[in-house]
Structures are given as C-alpha cells and as structure tokens.
Amino acid sequence: MKIAAIIQARMGSTRLLGKVLRMLGDKTVLAHVVDRLRAVPQVDEVIVATTAGSRDEPVAEEARRIGAACFRGSEEDVLSRYYEAAKQVQADAVVRITSDCPLLDPEVSSLVIRSYMEAPMCDYASNTLVRTYPRGLDTEIFSFESLEAAFAETREAYDREHVTPFIYRHPERFVCKSVTSGIPVPDYRWTLDTPEDWELIRRLYDALYVPGQRFSWHQAAAWMNANPEFHAINAHIRQKT
C-alpha cells in the first residue's frame, strides 16, 4: 500500500494572509508541517498541493526549497486538487493535512493511519469526527477509491472545498472509523487561522522548540496546563464553518 500525505496550502487567507510562510524559529510554518509528516513511519511520500495561481508561486518555491513534491491545481475545487495529486503519484491511500497545523504530531497521525490499516474494509479514518484531541492535530486518511468516488460524483461546493465530507456523510456506503485519544484533553486550539492563533503558536514554539527536534503534543499540553493564562489568547476564536 502506497500512502501519500497531501498538504493543502495557499497564500490566501481571509483572517491571516500568508500564514503558511510565516517563520517559526528557523523554519516556515509549511516546513514544520512537512518535517513532522516526514516523521510518520507509514507515509511514503509528502506532497504540497497548492493552486496554479501566481499568488501561490511562493508556496511552490518553498516546497521545492525543502525538497517536497508539489502539485498545483484548482484554488476553489480542493477535492480535484487532491484527486489529481493522488492520481499522479499512484497513491493507494491519502492522508489529508492542512498547512496551518505546525503542531501536527507524528505519533497521533501514525495512530490514525494504523487504525485505518488495521480496520477491516475501512474507507476512511480520522480523529476529527469525534474531537478528543486539540484542534491542530487533525489527520484524515482515506482510500484512493473513496476519493475517486467523491471526485466523480459530488457537485456540492462544500464537498469540493473540504475534500472528505462526501465520504463521511455517507456511512451507508463508506466504512468510516473514528480515532480518539482515550484520555481527557483540554479544548486547546493549535491551528493557525487568526492573529490570536499566531500569538499562541509563536509562544509555544518560543518555549518548546529546539532546532533539529520536534516537541510532542504532550509537551505542548503540559506547557499550556502550566501556563493557563495563555489558553485565553485564542480560546474565544471560533472555527470557520
């Protein structure tokens, strides 16, 4: 089974323009995400999927600089971008990651992938259907066949923008598995979408990041628990629907 991790990335963002190329320590946000995905043992290839627009040329340049494969496709139809990228590398299964998650934890992503691989006849697995991890550790994996079905059949704008809803909204057709943490975890927000998110993530990296190393989500949670005032920085932010 060939597993390709595809990171959707672009410069445009309504709430924090150019967020994927902001510097955290010695690397861009995108470079941290790629680095963390490369540490997931089951992942065979990491691909940055950006748009064909000239505005996203810096994203493609950064992908090339850090040695990641890059696919460029539709800006609005992200589903087609994923499908074409997965088809190009002949992936049997696809891990979907967004580029605004620089705390992505290889241990968590690996757990989701293992759950998918070990479940009989599984089409889709994620830690997002039932949220027990902090937002920002999101990992989805699905078969190429289910991705191809979604690409061919759905015309809903929401489905095509968010890639996987067509799959998990049809449990009568696709076997979907939810992966949970098994332990209570505070509702921390470690995804990067607003200036408040940036402030918290920047502080986390200032406190925990050592060049050449990756801190875990357990270390981040312990730091947040020891510094509860920082939870207030972005606790009021609501995820876009």
Side-chain angles (χ1 to χ4, degrees), residues 5-25 27-37 46 48-51 53 55-56 58-60 62-63 74-79 81-82 95-105 108-109 112 126-140 157-165 168 181 185-209 214-215 217 220-221 223-224 227-241:
I6 301 179
I7 307 166
Q8 61 188 75
R10 64 189 182 94
M11 290 296 288
S13 171
T14 56
R15 299 201 282 188
L16 193 64
L17 195 65
K19 59 187 178 181
V20 301
L21 296 187
R22 290 195 173 209
M23 295 297 298
L24 280 172
K27 297 179 183 178
T28 62
V29 169
L30 179 60
H32 281 292
V33 177
V34 170
D35 177 68
R36 285 170 173 263
L37 267 176
V46 177
V48 175
T50 191
T51 83
R55 181 171 62 173
D56 288 318
V59 176
E62 175 67 355
S74 171
E75 179 170 3
E76 300 298 332
D77 190 348
V78 188
L79 174 56
R81 207 191 310 167
Y82 265 80
V95 177
R96 177 176 177 253
I97 300 294
T98 57
S99 57
D100 51 8
C101 295
L103 272 74
L104 184 81
D105 193 295
V108 174
S109 297
V112 175
S126 79
N127 60 356
T128 61
L129 295 179
V130 177
R131 287 196 172 273
T132 60
Y133 289 97
R135 189 179 291 274
L137 305 181
D138 300 8
T139 303
E140 297 177 286
Y158 182 84
D159 291 344
R160 304 202 76 87
E161 180 183 356
H162 296 283
V163 184
T164 55
Y168 61 71
S181 65
V185 179
D187 187 24
Y188 293 141
R189 178 182 167 85
W190 296 336
T191 188
L192 180 57
D193 195 41
T194 69
E196 293 90 342
D197 296 333
W198 171 251
E199 179 64 17
L200 176 61
I201 290 173
R202 183 186 63 79
R203 288 174 182 253
L204 275 164
Y205 262 80
D206 286 347
L208 299 174
Y209 177 63
R214 288 177 295 272
F215 60 90
W217 79 274
W223 185 85
M224 294 281 287
N227 299 274
E229 67 273 19
F230 292 111
H231 181 43
I233 293 175
N234 70 346
H236 62 288
I237 301 298
R238 294 292 170 261
Q239 190 73 7
K240 289 189 296 186
T241 58

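All values below come from the heavy atoms of this structure, side chains included, with hydrogens, waters and symmetry mates left out.
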Next on the checklist: Measuring from atom CG of Asn127 to atom OG1 of Thr139, what distance do you get when rounded to the nearest 0.5 angstrom?
Outcome noted: 5.0 Å
Checklist entry - Using a distance-only test with no angle check, is there a side-chain donor-acceptor pair under 3.5 angstrom linking Thr128 and Asp138? => result no
Next on the checklist: I need the single residue from Asp105, Val185, Val108 that forms a side-chain contact (heavy atoms from CB on, under 4.5 Å) with Tyr133. Which is it?
Outcome noted: Val108
Checklist outcome for this item: One should read off an interatomic distance between Arg189 CZ and His236 NE2, to the nearest 0.5 angstrom, of 9.5 Å
Next on the checklist: How long is the straight-line distance from OG1 of Thr191 back to CD1 of Ile237, given to the nearest 0.5 Å?
Outcome noted: 11.5 Å
Checklist entry - How far apart are the C-alpha atoms of Arg131 and Asp187, what are their side-chain angles, what is the distance that settles it, and do they pass the side chain to side chain contact (heavy atoms under 4.5 Å, CB included) test? => result CA-CA 9 Å; Arg131 287 196 172 273; Asp187 187 24; over 6 Å; no
Checklist entry - Per the side-chain contact (heavy atoms from CB on, under 4.5 Å) rule, which among Ile233, Thr194, Leu204, Asn234 passes with Glu199? => result Ile233
Next on the checklist: Using 0.5 Å steps for rounding, measure from the CZ atom of Arg96 to the CD atom of Gln8.
Outcome noted: 4.0 Å
Next on the checklist: Tell me whether the rings of Tyr188 and Trp190 are parallel (<30°), tilted (30 to 60°) or perpendicular (>60°).
Outcome noted: parallel
Item to check | Test side chain to side chain contact (heavy atoms under 4.5 Å, CB included) applied to Val29 and Tyr205, step by step | outcome: CA-CA 11 Å; Val29 169; Tyr205 262 80; over 6 Å; no
Checklist entry - Between Asp77 and Arg81, is there a salt bridge with N-O shorter than 4.0 Å? => result no
Next on the checklist: How long is the straight-line distance from CG of Leu16 back to CG of Asp100, given to the nearest 0.5 Å?
Outcome noted: 9.5 Å
Next on the checklist: Parallel, tilted or perpendicular, judged at 30° and 60°: which one describes the rings of Trp223 and Phe230?
Outcome noted: parallel
Next on the checklist: Testing Glu75, Glu76, Glu62 one by one against Arg10 for a salt bridge (Lys or Arg N to Asp or Glu O under 4.0 Å), which residue passes?
Outcome noted: Glu75
Item to check | Spacing of Ile97 atom CD1 and Leu104 atom CG [to the nearest 0.5 Å] | outcome: 4.5 Å
